[in-house]
Amino acid sequence: MLLSKLVCERTKEAPQDAKIKSHILLSRAGFIKQVAVGIYSMTTPCQKMSCKIQKIIREEMDALDGQEVLFPVVMPREIWELSDRYNTIGSEMVRFKDRNNRDMLLGMTHEEAAVHLANHIVSSYAQLPMMIYQIQTKFRDEARSRGGLIRVREFTMKDAYSFHESKEDLEKYYYRVYDAYYRIFKRIGLKNFIDIKSDSGMMGGSIAHEFMLLTEVGEDSIVLCNNCDYRANMEVAEGKINTPSVQEQPLELVFTGEDKTIDEVCARLKKSKEESCKAVVFAVKGNSEEVVIAFIRGDLEVNEAKLKKILGKEIVPYDGGVSEAVACGNIGPYELDKSIITVYDKSLERVDSLVIGANKAEYHYVGFNFSRDLPNAKFNDIAKVRGGDRCPVCGGKLRVENGIEIGNIFQLGTKYTKSMGMTVHGADGGEFNPIMGCYGIGVGRAIASVAQEASDDKGLSLPMSIAPWQVHICPLRLDDRNVNKKAYALYQKLTKAGVDVLFDDRSAAAGVKFNDADLMGMPIRIVVSPKSLATDEVEITVRKSGESNKVAYKDAVKSVKAIIKSQLDELNA
RNA sequence: CGGGGUGUAGCGCAGUUUGGUAGCGCGCUUGGUUCGGGACCAAGAGGCCGUGGGUUCGAAUCCCGCCACUCCGACCA
């Protein structure tokens with residue numbers, strides 16, 4: 001490819017809105033161009049990279065006996081009503097009417113389509129296990145896109161769906177996919193990634209893992225143990241905390257005036273926050289009359305994901321109180337209106353003397369004791385883990401890091417096969433609903449993740465396996481007849497040898513060419529110049545290490561192929 | 001969905017307070033001199049100042065509406 005013709009505009013300055021490295025570099029290198037919020041065009045280098053990632057994914061999926069299919073982007077309402085997701089999914093799903101006034105939608109995931117297809121084809125247990133996958137555009141109307149390609153509305157995703165006769169078979173297959181995911185991420189050049197147990201959320205099913213790239217700019221919080229290999233998404237992470245040892249005391253009503261926050265009340269009463277109980281008020285989504293109060297120790301925060309799971313309902317923060325008389329700041333568990341849904345965090349269970357709201361303006365109680373004063377209270381874990389809490393497995397210290405979700409795998413169970421009426425004949429002559437797994441990887445997000453990780457202050461430094469071109473030739477002084485002849489000849493020879501080459505045919509200054517090469521990040525740079533040709537050599541520089549060697553012109557192809565091979569071997573190891 | 005911010009040339013920005021002929025840097029075109037880490041000289045092209053309305057002799061600038069983009073938060077199968 002000749003750089004002068006390449007559809008890809010580099011800029012010196014980053015777009016003002018780009019905040020994170022991958023977004024800045026992909027924009028500056030001209031790999032992506034925003035069209036609307038969360039919607040991007042990809043230029044040639046980016047598309048080539050996407051194709052190479054897809055090729056690796058296909059190889060690994062095919063090795064699992066996956067069969068590539070293509071589901072539609074636009075689907076009718078009907079199949080989504082069978083799983084009830086037409087109604088349960090909110091406005092992230094784009095719905096519209098076709099010319100005949102039929103309800104249609106844009107696919108944001110394809111469990112329904114997968115079951116619809118499999119249901120028509122699979123009728124016997126002998127056809128199982130079976131996995132189908134696709135690589136296709138999805139549209140999710142995210143409330144807020146950000147971070148360049150990290151969180152977008154339209155994106156290319158590989159999604160796979162497997163069908164099994166038994167839970168055991170699913171589990172066996174699930175862990176094969178798990179291993180394949182490790183290979184995929186390693187092969188595309190990601191380094192600092194881990195898998196974590198995750199909340200299967202609204203997908204249904206039980207066991208699920210997320211693959212996370214650990215990076216400061218990640219939007220997810222991950223809890224990791226410094227001592228053992230416990231790790232979990234913040235949504236499901238558990239931590240152990242110390243219980244303060246306080247003497248049991250009689251319950252006593254105390255005046256606290258205008259002090260409402262935990263800090264104010266504890267300061268006035270000279271108590272530590274660990275001996276207080278705070279109330280966090282939520283409303284059930286779609287019904288602001290239905291109030292839920294979560295009680296938790298004053299120094300902790302409520303983990304809304306855990307709370308939702310316990311309630312089985314969507315909730316939203318609510319800033320009102322339990323009544324006009326008792327606003328936030330004086331709510332307590334003692335003698336509270338019984339019609340209100342309450343949830344108690346386990347952090348409160350063994351504190352023998354608590355400061356609580358009195359459900360009465362300007363008053364709190366001290367000396368509250370759950371086992372004495374509210375013996376029927378049930379305790380759940382609804383606390384957000386903090387860095388420094390202790391590991392639930394080994395007791396070691398927990399830390400919290402940020403990550404980007406680069407893939408996920410779910411054991412779905414029979415949620416979709418049951419609701420959509422997919423049955424298969426078993427060996428015993430009976431019928432059963434196949435057990436499903438599903439497995440996703442976002443291709444664009446993988447590109448952003450690589451850009452985030454594989455880069456330095458000069459620009460991208462792309463892995464050999466997915467770089468759009470493996471070699472970037474920078475001829476200096478193309479007006480020099482010898483340089484011109486030898487540089488173009490080298491370009492031809494490398495191309496013939498099966499190497500992907502980008503050739504900078506512009507008559508620009510050396511600095512311009514070098515800076516563009518550094519920014520675009522091809523793994524090997526070759527300089528052909530009057531200086532190098534004086535000794536009949538070219539200069540080969542490895543982008544990653546910066547290591548540079550002069551190689552005899554006639555050995556250049558051999559030398560390049562050796563570097564390519566060693567870098568690919570390292571990624572495939 | 002809540003709270004801030006910004007829309008002026010392909011990109012990055014100044015000009016808006018105090019209304020008076022549309023500016024700068026980069027990039028682009030042409031010619032010349034340069035040539036191993038973002039060269040120099042000269043000459044050019046390129047803008048309905050987001051959009052609709054209002055005020056005014058006159059609006060990028062003042063007023064009102066709308067749209068888009070963006071940051072923080074909520075949300076995120």
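Below, all heavy atoms of this structure are taken into account, side chains as well, without hydrogens, waters or symmetry copies. The sequence lines fix the lettering, A, B, ..., with proteins before strands; numbering per chain opens at 1.
In this structure, A/M234 places its CE atom 16 Å from P of B/rC76, rounding to the nearest Å. Protein atom NZ of A/K19 is 13 Å distant from nucleotide atom P of B/rG73, rounded to whole Å. Atom P of nucleotide B/rG10 and atom NZ of A/K33 are separated by 10 Å, given to the nearest angstrom. Atoms CD (A/E210) and P (B/rC76) sit 13 Å apart, rounded to a whole Å. One atom, CD of A/E9, and another, C1' of B/rC26, lie 11 Å apart when rounded to the nearest Å. Rounded to whole angstrom, the span from the CD atom of A/E142 across to the C1' atom of B/rA74 amounts to 13 Å. Between the CD1 atom of A/I32 and the P atom of B/rC11 there is a distance of 15 Å, given to the nearest Å. Taking atom NZ on A/K308 and atom P on B/rA74, their separation rounds to 11 Å, with Å as the unit.
Separating the P atom of B/rU6 from that of B/rA74 is a span of 24 Å, rounded to the nearest Å. Comparing the P positions of B/rG65 and B/rG5 gives a spacing of 15 Å, expressed to the nearest Å. Taking atom C1' on both nucleotides, B/rA60 is separated from B/rC49 by 4 Å, rounded to a whole Å. Nucleotides B/rC41 and B/rG50 have their P atoms positioned 33 Å apart, rounded to a whole Å. With P as the reference atom, B/rU51 and B/rA68 are 15 Å apart, rounded to whole Å.
For B/rU6, the paired nucleotide is B/rA68, the pair qualifying as Watson-Crick or G-U wobble because both relevant distances are below 3.5 Å. With a cut-off of 3.5 Å on both Watson-Crick or G-U wobble distances, the partner of B/rC49 is given as none.
Not one side-chain nitrogen or oxygen of A/R10 sits closer than 4.0 Å to the OP1 or OP2 atom of B/rC11.
Among the protein residues, A/R140 comes within range of the sugar-phosphate backbone only, with heavy atoms under 4.0 Å from sugar or phosphate atoms but none that close to a base. Nucleic acid contact class of A/E304 (heavy atoms, under 4.0 Å, all strands): sugar-phosphate only. Base engagement by A/G90 is indicated by at least one non-hydrogen atom pair under 4.0 Å involving a base atom.
Closest non-hydrogen pair, A/L105 versus A/R77, comes out as CD2-CA, 4.4 Å.
The existence of a salt bridge linking A/K486 and A/E537 is excluded, since no basic side-chain nitrogen approaches an acidic carboxylate oxygen closer than 4.0 Å. With salt bridges taken as basic N to acidic carboxylate O contacts below 4.0 Å, none links A/K5 and A/D505. Electrostatic pairing of A/R231 and A/D195 counts as a salt bridge here, judged by a charged N lying under 4.0 Å from a carboxylate O.
A distance below 6.0 Å separates the ring centres of A/Y174 and A/H209. Under the 6.0 Å cut-off for aromatic ring centres, A/Y178 and A/Y439 do not qualify, their centroids lying 6.0 Å or more apart.
Using a 4.5 Å cut-off on side-chain heavy atoms (C-beta onward), A/V74 and A/F96 make contact.
No donor-acceptor distance shorter than 3.5 angstrom exists from the side chain of A/K158 to the backbone of A/Q54, with no hydrogens or angles considered.
Residue whose closest nucleotide on RNA chain B sits further toward the 5' end, between A/R153 and A/E405: A/R153.
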At under 4.0 Å between heavy atoms, how does the protein contact nucleotides 29-45 of chain B? Give one character per nucleotide, 5' to 3', with B, S or -. ------BBBBS------
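Looking at the side chain of A/R144, the nearest of the listed nucleotides B/rC11, B/rA74, B/rC76 is B/rA74.
In the interface, the side chain of A/E111 is not paired with the base of B/rA77 through any donor and acceptor atom under 3.5 Å apart.
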